[in-house]
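Below: one structure, written as structure tokens.
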2 protein chains.
Amino acid sequence: MLAAVLRIGDSGDVEVLAWQRARDPDRGCWALPGGRLGDDEDVETSVLRQLAEKVDVREVAHVEQLGVFSEPGRVPGTRLIATAFLGLVPSDVDPAVPADTAWRTVSPPPAEGAPAPDVLPTPVRAPALACAAFDHGTIVAAARDRLRAKLSYTNLGFAIAPREFTISALRDLYVAALGHPVSATNLQRVLTRRALLEPTGAVAPPGPSGGRPAALFRFTDRTLRVTDAFAVLKPPGEHGRGPVP
Amino acid sequence: MLAAVLRIGDSGDVEVLAWQRARDPDRGCWALPGGRLGDDEDVETSVLRQLAEKVDVREVAHVEQLGVFSEPGRVPGTRLIATAFLGLVPSDVDPAVPADTAWRTVSPPPAEGAPAPDVLPTPVRAPALACAAFDHGTIVAAARDRLRAKLSYTNLGFAIAPREFTISALRDLYVAALGHPVSATNLQRVLTRRALLEPTGAVAPPGPSGGRPAALFRFTDRTLRVTDAFAVLKPPGEHGRGPVP
DNA sequence: TCGTGTTTTCGACTAGTAGTCGTAAACTGC
DNA sequence: GCAGTTTACGACTACTAGTCGAAAACACGA
């Protein structure tokens, strides 16, 4: 049971919640929070319980299974099988964490044209976390890739964004998570057209250097929703005007 | 370790490989193949090993993790945690299976406008498998939904289709897996434009009732590849002609 | 041999989606 | 007021995809 809890930091990069090991093996390196599965809980409640020791669970906006990491030699000593989770915390919450725990920046995904970040049998990946204990770097990379992939075809943005935000702020979050520029105009148009975003009516005060006050938006839904893909494969009668009878 | 191996049957519906329990509990009901994890293998090789007892592994075109099913009471008796897999077998292979094993038809997904079939923490779902043992009906439903979702934004069709096929045959496979009509013209255009499909040059002989012989196609790639989603979120410089310098 | 029916293929038309750009609006600070 | 900055919004354009119709290629029976 391991959790890779991601957050978009103020400096504009992805961060993961990790704690520094005080003992060998891998002393001084950073490990993901987790623990053993209890007798009367399933893995989902277990990971939330483990997480409660590190951060307030109510601050975690989304949790989902990443996959099982079971390579026999992944940790020294006795065999240990880890069910890894991806957790997301909105960028505006900064939970109090224990002394040995910190937000570590995650290195951006490798090159462009990277292969499918959605395949579960995880091959070797770029080291996403500097000085990661055991195979936790691989798990963090899988989490970062999963976030990146799902931002593109779901409303998962709700889990990394504050409840209300300006379009530019949201754009910055997407830029940090994706690692490449994003058009604010198109982001607003696409997300509002698909009814993932709606204006709150209020406006945000301008920054210190002035500028027109930006309108505030919110995600209409705060649970995961999948959107468009191949239009051909959607049930008929939802595009264009349909056939002329 | 459980595997939901799906296949599109000749009759045009989704089938799952299952074996009939001879002993209580759930005697006579259908269970998914699987077994315990060995000491020197990871879950992926383990599930392939388990599967080898039922079907020839070389016939399985794609395997991926579905998720962990860990509810404390999911099976009677001692606690058992299952890592579930989705396996796919092309529609043209009909492997020899043991006497207690058969392909059971999977009931189609519930209504249209169904919620995200991609969320891992699986809630209650429609009973996809009649007389399923334990929670295996839930697992089959998750597998069927995963297949349906991934057909829309990946080249996963390669795993349910023969190596070579006509567009109509492929259309029928998609119709069976998705549960709604699909346009053959658009399917061909979309899949070829995205370079997922390519013509082999050969043609298939016409059916018994005649008709123009259909051209044969194959998938260019037989490993999972993810395709388009939100165009906004793709790196710039890949659409249209780009900015005029 | 020649139509009839069937199935596939291909092109044309059309509509919707999204990338780009230019301009106006609203605010801060000097 | 004026300059500078940031956001908002509309216009133009290009590409993708849904629909339809006509032609091609075959089997079968008269």
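The sequence lines fix the lettering, A, B, ..., with proteins before strands; numbering per chain opens at 1.
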(request) Just say parallel, tilted or perpendicular for the rings of F165(A) and F219(A), cut-offs at 30° and 60°. (result)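 Ring orientation of F165(A) relative to F219(A): tilted.
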
Determine: side-chain N/O of [X] to OP1/OP2 of [N], distance under 4.0 Å, yes or no.
X: R194(A); N: dA18(C); value: yes
X: S209(A); N: dT6(D); value: yes
X: S183(B); N: dG18(D); value: no

Donor-acceptor pair, side chain of [X] and main chain of [Y], under 3.5 angstrom:
X: T192(A); Y: Q188(A); value: yes
X: H136(B); Y: L32(B); value: yes
X: T101(B); Y: V97(B); value: no

Which one, [options], comes nearest to the side chain of [X]?
X: R212(B); options: dG10(D), dA18(C), dA23(D); value: dA23(D)
X: A214(A); options: dT9(C), dC9(D), dT7(D); value: dT7(D)
X: N186(B); options: dG18(D), dT9(C), dA18(C); value: dG18(D)
X: Q188(B); options: dT6(D), dA17(D), dC10(C); value: dC10(C)

(message) Using the rule given for side chain to side chain contact (heavy atoms under 4.5 Å, CB included), can you reason through R222(B) versus R163(B), listing the C-alpha separation, both sets of side-chain angles and the distance that settles it, and then say yes or no?
(response) CA-CA 9 Å; R222(B) 294 187 69 80; R163(B) 297 200 87 87; 3.2 Å; yes

Answer with base, sugar-phosphate or nothing: what part of the nucleic acid does [X] contact at a heavy-atom distance below 4.0 Å?
X: T166(A); value: nothing
X: P208(A); value: sugar-phosphate
X: A215(B); value: sugar-phosphate

Rounding to an integer number of Å, can you tell me how far [X] [atom1] sits from [N] [atom2]?
X: L196(A); N: dA18(C); atom1: CG; atom2: C1'; value: 15 Å
X: R171(A); N: dT6(D); atom1: CZ; atom2: C1'; value: 11 Å
X: L187(B); N: dT8(C); atom1: CG; atom2: P; value: 13 Å
X: L170(A); N: dT6(D); atom1: CG; atom2: C1'; value: 17 Å

(request) Report yes or no: is there a donor-acceptor pair, N or O only, under 3.5 Å between the side chain of R189(B) and the base of dG18(D)? (result)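 Pair found.
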
(request) Between G211(A) and I167(B), just flag the one whose closest nucleotide in DNA chain C comes earlier from the 5' side. (result) I167(B)

(message) Return whichever of P213(A) or R193(A) has its heavy-atom-nearest nucleotide of DNA chain C closer to the 5' end.
(response) R193(A)

